[in-house]
Amino acid sequence: MTDQRHSTDGAGTAEKQDEVRIRRACVAAFVVGFGTALAFFVLFPGLPHVVDLGALLTSFLVGGLAQWGCRVLMVRRVGGRG
């Protein structure tokens, strides 16, 4: 069996909680960015209301940029980890 050592000061759990919080915020940012870009292509007047491969790729790109931006801001706020 493997001997597992637990930290008594709780520093490890605080880092894990920060990582979980950052991960959840980044997932939410991706979903919001992707949904917003896709809604733009579907609902904007004057555009053909057809979701093609270009619209999907652009939506993924916008979602990825939103996720990246969220991660940068959250890591700065937490204190430089990540």
Side-chain angles (χ1 to χ4, degrees):
M1 272 174 63
T2 305
D3 186 22
Q4 294 181 351
R5 299 172 194 251
H6 297 286
S7 173
T8 57
D9 61 352
T13 59
E15 287 182 12
K16 286 183 182 181
Q17 288 175 352
D18 289 341
E19 278 299 315
V20 168
R21 189 175 300 127
I22 290 170
R23 190 177 314 123
R24 286 181 181 169
C26 289
V27 168
F30 178 83
V31 170
V32 168
F34 179 82
T36 302
L38 195 60
F40 172 78
F41 285 111
V42 171
L43 301 174
F44 193 73
L47 291 176
H49 299 291
V50 177
V51 177
D52 59 351
L53 184 61
L56 289 175
L57 290 176
T58 303
S59 297
F60 276 115
L61 179 67
V62 170
L65 287 173
Q67 181 180 12
W68 173 76
C70 177
R71 176 166 292 280
V72 167
L73 291 175
M74 294 288 289
V75 167
R76 283 184 187 171
R77 179 178 290 174
V78 168
R81 290 190 305 265

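Heads up: numbering here begins at 1 and tracks the sequence.
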Mind listing the side-chain donor-acceptor pairs of residues 39-46 below 3.5 Å, one per line with the distance, residues two or more places apart or on another chain?
none

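- The line from CZ of R76 to CE of M74 is 13.5 Å long, rounded to the nearest 0.5 Å.
- Shown here are the side-chain contact (heavy atoms from CB on, under 4.5 Å) partners of A28, two or more places apart in sequence or in another chain: there are none.
- With rounding to the nearest 0.5 angstrom, the CG atom of D18 is 11.5 Å from the CZ atom of R77.
- Closest approach of C70 to C26, counting heavy atoms only: SG-N, 3.9 Å.
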Please set out all donor-acceptor pairs under 3.5 angstrom arising from side-chain atoms of residues 50-68, sequence neighbours excluded.
{"residue": "D52", "atom": "OD1", "partner": "A55", "partner atom": "N", "Å": "3.1"}
{"residue": "T58", "atom": "OG1", "partner": "G54", "partner atom": "O", "Å": "2.8"}
{"residue": "S59", "atom": "OG", "partner": "L38", "partner atom": "N", "Å": "3.3"}
{"residue": "S59", "atom": "OG", "partner": "A55", "partner atom": "O", "Å": "2.8"}

